[in-house]
Each structure stands twice: as C-alpha cells, then as structure tokens.
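Comments concern the structure below.
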Amino acid sequence: MTHPLVSQIIDLAIPVAAELGLELVGIVFQTNQRPPVLRVDIRNPQKDTGLNDCELMSRALEASLDAAEIIPDAYVLEVSSPGISRQLITDREFISFKGFPVIISTSQPYDGQQEWIGQLIRRDEVTVYLNQKGRVIEIPRTLITRVQLDEHP
C-alpha cells in the first residue's frame with residue numbers, strides 16, 4: 001500500500017524536477033526502516049541521467065520538503081535513476097519506448113509461452129502489441145506481469 005504522504009510529496013517533487021529539466025519516475029516511502037527512507041527516481045529526458053542530476057534533485061527536493069514540513073520526523077532521502085534496464089509502467093513510458101526491444105513476462109503461458117521478446121509497438125486498454133520479426137503479437141494485459149526493456153537485443 002502506498003504511504004499517505006506520497007501523493008503530497010509527488011505534488012511537491014514534480015515541479016522541482018521540472019525546474020531542473022528532469023522527470024519524476026517514481027517515489028517510494030519505506031517507513032519500515034529506521035529512519036524511514038524516501039526513495040525518489042528521476043530521469044533526464046535529454047541525456048543519460050547522471051550523478052550530477054541526482055545530486056541537484058536531492059538538494060532542491062530536500063529544501064522544498066523541509067520548507068513544506070510534509071514529513072514530520074527524521075528520514076533519509078535517496079535520489080537515483082532507475083536506469084535503462086527497467087520496467088515500463090506508465091503510458092508515457094510505453095509511448096517513449098515504442099520500437100525498443102522489450103521482454104514481456106506473463107503470469108501463465110499465453111500461446112504456449114510465458115516470455116515474449118520483440119519490439120514494442122504500443123499498448124491500449126486491453127492489449128500490448130509486440131513486433132516479433134515482422135509478426136504482430138497481441139498479448140492481453142491481464143496476463144502480463146512485467147514489461148521491461150531488453151538490455152541485450
């Protein structure tokens with residue numbers, strides 16, 4: 001379950017990232033650790049996300065969080081980049097990575113396979129479309145457990 005403060009933190013972090021030319025990819029607030037850890041994933045849409053991007057975001061977000069006093073107790077802020085070998089989740093990611101090689105995993109075999117490798121065409125409300133050597137494969141989203149970029153095409 002998502003921590004109740006996450007939506008407030010997202011509302012604060014998106015403009016901070018945008019001001020730095022970065023995109024917010026995700027936020028997780030791990031309250032089961034002492035002190036709690038706020039993990040923020042960012043991406044630089046112009047170039048490979050570097051340590052400098054993470055450092056800039058960390059400083060700017062820390063100042064905004066402190067000023068807003070959203071998190072009442074001590075916490076650890078971790079800003080990182082999820083890197084290229086990550087899972088595709090948002091509609092925006094599916095649009096951005098159209099044509100990229102992906103690996104699709106299903107919860108049960110679909111058409112005799114549980115893993116599909118090919119170029120991402122698109123996804124709609126019910127299906128993810130994959131190009132496998134010129135053949136279009138339509139995989140129902142209800143069966144899909146993971147779509148990730150293929151690092152070794």
Side-chain angles (χ1 to χ4, degrees), residues 1-33 36-61 64-65 75-153:
M1 188 172 117
T2 303
H3 191 278
L5 291 178
V6 168
S7 64
Q8 294 175 56
I9 296 167
I10 288 171
D11 291 344
L12 187 77
I14 287 174
V16 170
E19 199 170 294
L20 298 170
L22 303 170
E23 293 177 349
L24 185 68
V25 176
I27 289 181
V28 177
F29 195 27
Q30 301 166 325
T31 54
N32 60 334
Q33 299 182 32
V37 175
L38 176 62
R39 184 187 160 120
V40 178
D41 286 339
I42 58 164
R43 175 173 55 213
N44 186 327
Q46 307 303 319
K47 59 184 171 75
D48 286 347
T49 309
L51 195 55
N52 190 44
D53 293 319
C54 295
E55 197 174 308
L56 289 170
M57 180 66 178
S58 181
R59 287 190 182 141
L61 184 57
S64 295
L65 285 168
Y75 65 96
V76 174
L77 175 62
E78 290 181 359
V79 177
S80 62
S81 167
I84 195 82
S85 65
R86 74 171 190 302
Q87 202 167 340
L88 302 185
I89 297 168
T90 66
D91 287 338
R92 184 178 188 158
E93 288 173 327
F94 275 84
I95 292 166
S96 295
F97 292 102
K98 176 184 175 185
F100 278 70
V102 293
I103 302 169
I104 297 177
S105 303
T106 57
S107 57
Q108 60 194 52
Y110 173 71
D111 206 15
Q113 294 180 224
Q114 266 189 276
E115 190 171 272
W116 296 83
I117 298 173
Q119 269 70 40
L120 178 65
I121 298 174
R122 66 184 171 91
R123 81 169 176 182
D124 60 27
E125 296 301 314
V126 294
T127 308
V128 173
Y129 300 87
L130 192 65
N131 177 344
Q132 234 182 19
K133 298 178 183 167
R135 203 173 106 224
V136 177
I137 309 292
E138 299 179 14
I139 304 170
R141 284 181 63 174
T142 54
L143 295 178
I144 295 173
T145 56
R146 183 180 180 99
V147 177
Q148 76 177 53
L149 293 173
D150 186 356
E151 296 179 303
H152 314 287

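Judged by distance alone, with hydrogens and angles left aside, the side-chain atoms of Q8 form no donor-acceptor pair with the main-chain N or O of L5 at under 3.5 Å. At distances below 3.5 Å, not a single donor-acceptor pair connects side-chain atoms of Q119 with backbone N or O atoms of L130. Panel note: side chain E138, backbone Y129; no donor-acceptor pair is recorded below 3.5 Å. Side-chain N or O atoms of Q113 include one that pairs as donor or acceptor with a backbone N or O of E115 at under 3.5 Å.
Among all heavy-atom pairs drawn from P4 and S7, the shortest one is O-OG, 3.9 Å. In plain terms, the two heavy atoms of I14 and L24 that are nearest each other are CG1-CD2, 3.6 Å. Of all non-hydrogen atoms in G21 and P45, the two that sit nearest each other are O-CD, 3.4 Å. Residues G134 and N131 approach most closely at N-OD1, 2.7 Å, considering heavy atoms. Scanning all heavy atoms of the two residues, the minimum distance from E93 to V25 falls at OE2-CG1, 4.0 Å. Minimum heavy-atom separation, L77 to S58: CD2-O, 3.7 Å.
In this pair, Y110 and W116 present their aromatic rings tilted. The plane angle is within the 30 to 60° band.
Distance check: L22 CG to D53 CG gives 5.0 Å after rounding to the nearest 0.5 Å. Expressed to the nearest 0.5 Å, how far OG of S96 lies from CG of L88 amounts to 9.0 Å. Between the CD1 atom of I139 and the CZ atom of R123 there is a distance of 13.0 Å, given to the nearest 0.5 Å. Separating the CG atom in N52 from the CE atom in M57 is a distance of 13.5 Å, to the nearest 0.5 Å. If you take OG1 on T127 and CD on E125, they are separated by 10.0 Å, rounding to the nearest 0.5 Å. Distance check, rounded to the nearest 0.5 Å: CG of L20 to SG of C54 gives 11.0 Å.
Atom CD of E19 has 12 or fewer heavy atoms from other residues, nucleotides or ligands within 6.0 Å. Annotation for R141: atom CZ counts as buried by contact number, over 12 foreign heavy atoms lying within 6.0 Å.
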ask   = Do F97 and V102 pass the side chain to side chain contact (heavy atoms under 4.5 Å, CB included) test, and can you show the C-alpha distance, the side-chain angles, and the key distance before you say yes or no?
value = CA-CA 9 Å; F97 292 102; V102 293; 5.7 Å; no
request  = May I have the step-by-step check of side chain to side chain contact (heavy atoms under 4.5 Å, CB included) for Q114 and S105, ending in yes or no?
outcome  = CA-CA 6 Å; Q114 266 189 276; S105 303; over 6 Å; no
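Screening V40, V37, D41, L38 against E78 for a side-chain contact (heavy atoms from CB on, under 4.5 Å) leaves a single residue, V37. Paired with D150 under the rule side-chain contact (heavy atoms from CB on, under 4.5 Å), one option of I104, L120, I117 passes, and it is I117.
By the 4.5 Å heavy-atom criterion applied to side chains, S80 and R39 are counted as neighbours.
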